[in-house]
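Here the structure comes first, spelled out in structure tokens, and everything after it is commentary.
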Amino acid sequence: MIPLDSLNIKQREAVETTKGPVLVNAGPGSGKTRVITYRIANLVTNCSINPYNIVALTFTNKASREMSSRISNLTTDLRNSLTISTFHHFCSRILRYNATSINLDSNFSIIDDSDRLSIIKNVMTELKIDPKITPPRVILSAISNAKSLLLNTDGFKANASDNFKSMVYECYQLYEKQLHLSQVVDLDDLLLKVFFMLKSNNSILKTYQNRFEHLMIDEFQDTNIAQYEIAKLLSNQHRNICVVGDPDQSIYSWRNADIRNILDFKKYYSDAKIISLSENYRSSQTILTAAQSIISSNKNRIHKDLWTQNSKGHPVCLTETFNEREEATTILNEVQRLVSEEKMKLSDIAIMYRVNALSRVLEEVCIQNGIPYILVGSIKFYQRQEIKDLLAYLKLIANPKDDTSLIRIINTPSRKIGKKTISDLSSIANVLNLTIFDTLKQIVEEKIPPELQKRLNRGSLEKIKGFYKLLKQLLDIPENTAISEIITRIIEKTQYEEYLKHHFDHFEERLENITEFKNIAWDFSKNNEENSLILFLERISLVNDTDNIDETSSEYLTLITLHQAKGLEYPIVFIIGMEEGMIPHIKSMDSDAEMEEERRLCYVGFTRAKQKLYLSRTFRRGYRGGYERNIPSRFLNDLPKELTFVASEISEPTEYEDDWVNQEYQSPPSKYSSPKNTKTRFNQSSKSIRYDINKDVNPKENKISIGDHITHATFGKGLVTHVRKLGNDYEITIAFTDNKGIKKFLLSMAPITKD
DNA sequence: CAGTGGAGGCTTTTT
DNA sequence: GCCTCCACTG
């Protein structure tokens, strides 16, 4: 038996209501994952349900791994037959298993975003749609949106009421035609095709309905219509469906997550038991109250009162700095202080931001200060050019019909097959209604009509024949060859390394990436008995880079976007860029719905913090080349003043500051309830003075500010990283180039000149 | 065909 | 400010 007495009453109710539909409205840190894992353990151990009959669906691989490992901590030996998977993985399996029933090759590959983009660009060219007037991404997202709403081309046509929609419809049709010809699917298809398969094939539907007696969905607020409808279909026989989510943490509506699912759930399952988890185990009272004060301004929301038994904790600290460099320096000083004085580990700390671009300065200052950091998901491994090239070769070996992959590598490494030849080849393929690979085959076997062949001149003909020969050699690699070995052969046959060395400055890094890729392939073969290339490719298509964060390491500071931070927690959280235009983002300002999502995003950020929450804003931020004056984020106005304090000596408005300090925003009065020493200490480490490039106080001071490049008589070139007032003088910190280190000087004494 | 340079663009990105 | 796309030239 699994004891359930460690759960609170509500959690226990959610775990023990095993029959019928259940909706769990779970606030942040209220033990959401705990409920699902205990529920599964309870079903298996206490209710004797066969794990084979249970499925739990998540959104990320990370979440499903976490769930698996937490369940195996509770009970033994049931992970194997349990289905814990992401929606897409789950559907991919169903689709592959039953592919032939819908006229799809079970070797189908899954295309990524950039493949989709290049297909849609071709489609648009064919339809003579100007990509400057209608960006391909717009069409693509319209199609993706349609698929998420379960509109296939026929369904879309019925709704194509205006000019834009009929244009999208034309593109959608051709796009689908190309996908079908290539025997590939996009990520949305995994859901759409499974839905229509289940809907139209009763025997397949019955098989799965019989099997899945119990179905659970994590992060239900993030489901789109397609996912929800699939879940409904699957659970309609046993009706044991349990969904867990938090509408206040819905931050992916721009990816078609649909909050209507929660409302519909209550309507569709009128007998659903609705359980709210409102005790928070994660954050201090102060953090929770601050977060509530942000979210409670949303009008379109179901009211929910969170509470915690945790102590009041530290006040929320707002730091105000002049610009983004000073912001980074101030925050990283505090990070170092937390590590050295408060015995925090770097892995306890995360710095969060709305847009990726904000990580740049943080990175620079981390490097200057020697702080190791992990930048979550910036340049993605599988999106690197060299990896994409090799993947394209692998995909082509698995499925030679895959035109997109073929076109990607037909001239990589260079085989002197240019744009003209490729477009001639595509047009021939188009006329014959064949894939490019089959067209090449026909050409080599001299089976194509001479008037078509004439479109290619003799030179191009020889080159593409050579390419076909190469492809044949790759296709002849025996099927049971280890994937890493296949990669090695591809590299040999195409002389890919020589290509890299010849074409790129930083080829060493690219070679390292390839080695890493081979290692991944090797690991995969080791852990999967069937050495299937298709499964390997599927895994990669459905894996994202966030999955690779190593949470066990204590060595690294985390830099992460607010979106990516959902589902994570850290003892210490910094959120930077609390400015109008940043959070809330400027693009969300003309829509109430989007503004509410920004608020939820901010709420998600706040509720990641367990012990201490720091917010930061700047007066000016160098962003996109400009240097903008910033108004504090409207969300700061919602914070209870008694819970916050401002760690800044530069926030008091002066005569030349007035124009960029928002009139509405007032610095909190100094009677904060914060422990005095906390404030003082933090201020010591951030005693940066306000300096203004326009102000003429001292001619020398005017010359030097953070970010300036200077030359020192002894140490040479360097970058000013910090300026702070020291008596009547200024202490400046300079990071020198050529590994000469970081040194501090008195401005009046230092033999420096500005470059 | 390949390599360069200027113009324009720009949130977030679970799978 | 940086990256991507394309148009032009060798």
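Each chain gets a letter, A, B and so on, in the order its sequence line appears, and its residues count up from 1.
Residue order along DNA chain B, read from the 5' end via each residue's closest nucleotide, puts A:R415 first among A:R415 and A:W254. In terms of position along DNA chain B, the nucleotide closest to A:N411 lies nearer the 5' end than the nucleotide closest to the other residue of the pair A:T561 and A:N411.
Side-chain N/O atoms of A:Q564 include none lying less than 4.0 angstrom from OP1 or OP2 on B:dT12. An OP1 or OP2 oxygen of B:dG3 is reached within less than 4.0 angstrom by a side-chain nitrogen or oxygen of A:H503. For B:dC1, one of the phosphate oxygens OP1 or OP2 lies less than 4.0 angstrom from a side-chain nitrogen or oxygen of A:T421.
Here C:dG1 presents its P atom at 17 Å from CD of A:E363, a figure rounded to the nearest Å. At whole-Å resolution of the value, CZ in A:R116 and P in B:dT13 are 16 Å apart. As rounded to whole Å, 17 Å separates atom P of B:dT13 from atom NE2 of A:H88. For A:Q383 and B:dT14, the CD to C1' distance is 14 Å, given to the nearest whole Å. What separates CG of A:D222 from P of B:dT13 is a distance of 14 Å, to the nearest Å. We find that CG of A:N457 is positioned 12 Å from C1' of B:dC1, with the value rounded to whole Å. The NZ-P distance, from A:K566 to B:dT13, rounds to 13 Å in whole Å. Protein atom CD of A:E597 is 12 Å distant from nucleotide atom C1' of B:dT13, rounded to whole Å.
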I'd like a list of close polar pairs between nucleotides 6-11 of chain B and the protein, N/O only, cut-off under 3.5 Å.
unit_1, atom_1, unit_2, atom_2, d
B:dT11, OP1, A:R624, NH2, 3.0
B:dT11, O4', A:H585, NE2, 3.2
B:dT11, O2, A:R354, NH1, 3.1
B:dT11, O2, A:R354, NH2, 2.4

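Under the 3.5 Å distance criterion, with hydrogens and angles disregarded, no donor-acceptor pair is assigned to the side chains of A:T58 and A:D218. No donor-acceptor contact under 3.5 angstrom links the side chains of A:Y172 and A:N152, judged on distance only. Looking at A:S427 and A:R455, their side chains do bring a donor and an acceptor atom within 3.5 Å of each other. Residues A:N261 and A:T223 have side chains that bring a donor and an acceptor to within less than 3.5 angstrom of each other. If you check the side chains of A:D402 and A:S182, you find no donor sitting under 3.5 Å from an acceptor. There is no side-chain donor-acceptor pair under 3.5 Å between A:Q227 and A:E229. Counted by atom type alone, A:K395 and A:T404 present zero donor-acceptor pairs between their side chains at under 3.5 Å.
Contact annotation for A:L601: no contact, since no heavy-atom pair falls under 4.0 Å across all strands. Across all strands, A:D113 comes closer than 4.0 Å to no nucleic acid atom at all (heavy-atom distances). In this structure, A:H502 reaches neither bases nor backbone, as no heavy-atom distance under 4.0 Å exists between it and the strands shown.
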| Should A:F507 and A:H502 be marked as a ring pair (Phe, Tyr, Trp, His ring centres under 6.0 Å) after you check the CA-CA gap, both sets of side-chain angles, and the distance that decides it? | CA-CA 8 Å; A:F507 67 89; A:H502 187 247; over 10 Å; no

Quiz: residues 125-136 of chain A side-chain donor-acceptor pairs under 3.5 angstrom, not counting sequence neighbours:
unit_1, atom_1, unit_2, atom_2, d
A:T125, OG1, A:K121, O, 2.7
A:D130, OD1, A:K132, N, 2.8

Given protein heavy atoms under 4.0 Å, the one-letter contact record of nucleotides 2-10 of chain C, with B base, S sugar-phosphate only and - none, is simply S--------

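For the P atoms, the distance from C:dT4 to B:dT13 is 16 Å, rounded to whole Å.
Judged by the 6.0 Å distance and 45° axis criteria, A:R96 is positioned over the aromatic ring of A:F108.
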